[in-house]
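A quick write-up on the structure given underneath.
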Amino acid sequence: MEIGDNRLHDIQEMLLQWYLENQRDLPWRRHSNAYYTLVSEIMLQQTKVATVIPYFERFIKRFPTVYDLADASDDDVVKLWEGLGYYSRARNLHAAIKEVVATYDGVIPNEKEKISKLKGIGPYTTGAVLSIAYKQKVPAVDGNVMRVFSRLFDMEDDIAKPATRKKMEAIAEQIIPDRSPGDFNQALMELGATVCTPKSPECLFCPIRNFCKGYQAGREHILPIKTKAKAPKKASVIMFGVKWNNKLLVQKRPSSGLLANMWALPTENRMEEMPYISQIEEYCEMNQYSAKISEDVYRFEHIFSHRHWKIILISMELSENPVYLPKRSIWVDEQSVLEFAFPKVYQKALEQLGYRN
DNA sequence: AAAGCGGGGAC
DNA sequence: GTCCCAGCTTT
């Protein structure tokens with residue numbers, strides 16, 4: 001990718017000026033604080049600004065400094081992440097900040113080799129923190145930047161391919177200015193989020209449309225090239241609302257895979273070959289439950305990025321103290337259930353069972 | 001290089 | 001319904 005010196009300088013200046021005048025007022029932009037930058041960047045991974053704002057506000061209010069976060073329990077951290085998704089981000093951020101306190105005297109490192117070794121911090125977040133918080137000339141290539149570049153240079157590379165991100169970083173290296181590299185990176189992302197949008201880009205409001213090869217070719221609508229994601233795989237599950245003595249049985253999910261380590265209702269994969277009633281009876285037998293099973297079941301669906309669950313929720317009231325506790329399970333007082341952090345799919349189920357805020 | 005990992009909003 | 005978002009880790 002060759003960019004003439006004159007055009008390069010103009011693109012830099014136009015973008016920086018546009019960003020100065022048009023940047024959104026966001027909570028993490030109100031102070032220069034590497035901790036705020038890191039928290040916001042982790043939350044913003046695959047997540048829109050509007051969704052993140054209330055989570056960021058609550059998180060910083062509860063954990064104002066790296067020391068507050070390092071001292072917190074994992075349960076408290078995940079509770080503040082409840083509903084935001086990709087929960088390993090919360091656990092990784094917690095681990096990273098603990099490492100910062102333990103190893104770097106509470107200062108988020110400003111060297112690429114060090115910060116990129118922290119849990120959950122990949123190439124994008126490394127570049128974002130180094131450029132925004134520490135004003136270093138390091139690229140930060142996210143989905144927005146790839147879309148902007150794809151159109152600006154009329155590129156045919158598939159942005160879904162890992163190799164394309166490397167190529168985009170090489171381009172960013174050439175474009176990023178010595179002056180205000182952090183603002184420049186944010187300008188590219190802000191442009192992608194507000195003007196150079198995936199659908200119906202508003203090229204007439206774009207500060208660099210005069211340099212845009214895609215726009216000049218009339219190809220802005222079909223760029224960027226991106227292979228489609230596969231449809232989520234379908235699965236059927238049964239969730240069990242098990243009550244006894246005014247307590248509800250909640251279970252920690254397995255430590256890997258979907259919703260790893262999150263609190264949940266006991267969930268079993270549906271045995272398609274038998275009626276679900278039979279599977280429920282078998283489940284009770286296996287756990288030695290003598291239970292009165294509610295007549296009505298609640299059916300609903302939930303779509304994750306790679307899975308599509310059809311869910312049958314059944315409720316049962318045990319008539320005697322169960323002999324043993326299922327693996328990774330605890331009894332929770334009914335009024336305390338919502339103090340635990342549940343992913344959305346289980347929040348829906350719990351709401352149906354009468355647990356709601 | 002590809003798969004797995006949440007949830008939401010825009011259309 | 002489809003697309004995709006201020007991505008990272010594991011396989």
Side-chain angles (χ1 to χ4, degrees), chain A residues 19 23-24 26-29 36-56 78 81-93 95-96 115-129 131-133 139-148 158-166 168-169 172 182 184-194 196-201 221 224 226-233 253-262 264 301-309 341-348:
Chain A
Y19 180 66
Q23 64 174 289
R24 291 167 290 181
L26 302 176
W28 46 91
R29 285 180 176 163
Y36 289 4
T37 303
L38 178 56
V39 171
S40 65
E41 290 301 342
I42 300 291
M43 287 185 170
L44 285 163
Q45 290 169 7
Q46 299 291 283
T47 310
K48 290 206 159 74
V49 165
T51 305
V52 165
I53 289 175
Y55 281 89
F56 177 84
V78 175
W81 214 271
E82 183 180 41
L84 195 55
Y86 286 152
Y87 298 97
S88 68
R89 290 184 297 174
R91 303 182 203 282
N92 286 339
L93 173 61
I115 192 171
S116 62
K117 279 197 176 69
L118 296 173
K119 277 196 177 22
I121 301 188
Y124 164 74
T125 307
T126 296
V129 174
S131 65
I132 296 171
V141 174
D142 70 340
N144 286 312
V145 175
M146 288 202 286
R147 183 172 58 257
V148 170
D158 182 351
I159 65 168
K161 301 264 184 227
T164 302
R165 199 196 62 78
K166 302 283 288 181
M168 295 285 186
E169 252 188 33
F184 184 79
N185 282 340
Q186 294 186 86
L188 281 174
M189 295 188 272
E190 193 90 347
L191 187 73
T194 62
C196 195
T197 48
K199 293 174 183 175
S200 312
H221 291 283
K226 184 175 185 182
T227 55
K228 276 190 281 189
K230 288 180 194 165
K233 277 177 60 179
R253 288 183 55 85
S255 56
S256 66
L258 186 65
L259 303 174
N261 282 319
M262 296 299 289
E301 300 188 11
H302 188 84
I303 300 172
F304 306 95
S305 37
H306 288 74
R307 293 185 213 187
H308 184 158
W309 275 7
F342 293 98
K344 287 286 179 178
V345 65
Y346 291 105
Q347 288 182 31
K348 287 188 202 169

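Letters A, B, ... are given to chains in the order of the sequence lines, protein chains preceding strands, and every chain is numbered from 1. Values below: all heavy atoms of this structure, side chains included; hydrogens, waters and symmetry mates excluded.
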Decide yes or no on side chain to side chain donor-acceptor pair (under 3.5 Å) for A:Ser255 and A:Asn261, but give the supporting numbers first.
CA-CA 5 Å; A:Ser255 56; A:Asn261 282 319; 4.9 Å; no
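- When each of A:His308, A:His302, A:His306 is tested with A:Phe304 by the rule ring pair (Phe, Tyr, Trp, His ring centres under 6.0 Å), just one qualifies, namely A:His302.
- Heavy atoms of A:Ile42 sit nowhere under 4.0 angstrom from any nucleic acid atom.
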One pair to check against side chain to side chain donor-acceptor pair (under 3.5 Å): A:Tyr124 and A:Glu41. What are the steps and the verdict?
CA-CA 9 Å; A:Tyr124 164 74; A:Glu41 290 301 342; 2.7 Å; yes
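- Rounded to the nearest 0.5 angstrom, A:Gln186 CD and A:Leu191 CG are separated by 13.5 Å.
- Under the ring pair (Phe, Tyr, Trp, His ring centres under 6.0 Å) criterion, A:His221 pairs with no residue at all, not counting sequence neighbours.
- Using a 4.0 Å heavy-atom distance criterion, A:Phe304 is classed as a sugar-phosphate-only contact.
- Taking a heavy-atom distance under 4.0 Å as the criterion, the stretch of DNA chain B touched by chain A extends 5' to 3' from B:dA1 to B:dG8.
- A pairwise comparison of heavy atoms in A:Val78 and A:Arg91 identifies CG2-NH1, 3.5 Å as the closest pair.
- To the nearest whole angstrom, the two P atoms, one in C:dA6 and one in B:dA3, are 24 Å apart.
- Of the P atoms belonging to C:dC8 and B:dG8, the separation is 22 Å, rounded to the nearest Å.
- Protein chain A contacts DNA chain C over a range whose 5' and 3' limits, counting nucleotides with an atom under 4.0 angstrom from a non-hydrogen atom, are C:dC3 to C:dT9.
- The nearest heavy atom of DNA chain C to A:Ile132 and to A:Glu301 marks one nucleotide each, and the one closer to the 5' end goes with A:Glu301.
- Shortest non-hydrogen contact noted between A:Met146 and A:Val141 is CG-CG1, 3.6 Å.
- Within the 4.0 angstrom heavy-atom criterion, no nucleotide atom of any strand lies near A:Thr197.
- Contact annotation for A:Gly192: no contact, since no heavy-atom pair falls under 4.0 Å across all strands.
- Backbone-only contact: A:Ile121 has heavy atoms under 4.0 Å from sugar-phosphate atoms and none from a base.
- Heavy atoms of A:Arg307 sit under 4.0 angstrom from primed sugar atoms or phosphate atoms, though from no base atom.
- Summary of the strand contacts: A:Gly257 and A:Lys348 both lie near DNA chain B, and taking for each the nucleotide with the nearest heavy atom, the more 5' one is attributed to A:Gly257.
- With no hydrogens or angles considered, a side-chain donor-acceptor pair links A:Asn144 and A:Arg147 at under 3.5 Å.
- A residue-by-residue look at A:Leu44 and A:Ser116 shows that A:Leu44 has its nearest nucleotide of DNA chain C further toward the 5' end.
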Is there a side chain to side chain donor-acceptor pair (under 3.5 Å) between A:Arg89 and A:Thr47 once you walk through the steps?
CA-CA 12 Å; A:Arg89 290 184 297 174; A:Thr47 310; 3.2 Å; yes
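- In terms of position on DNA chain B, the residue among A:Ser200 and A:Lys230 whose nearest nucleotide sits closer to the 5' end is A:Lys230.
- Within the 4.0 angstrom heavy-atom criterion, only backbone atoms of the sugar-phosphate kind lie near A:Arg147; the bases stay farther away.
- Counting non-hydrogen atoms under 4.0 angstrom, A:Ala140 reaches nothing in the nucleic acid.
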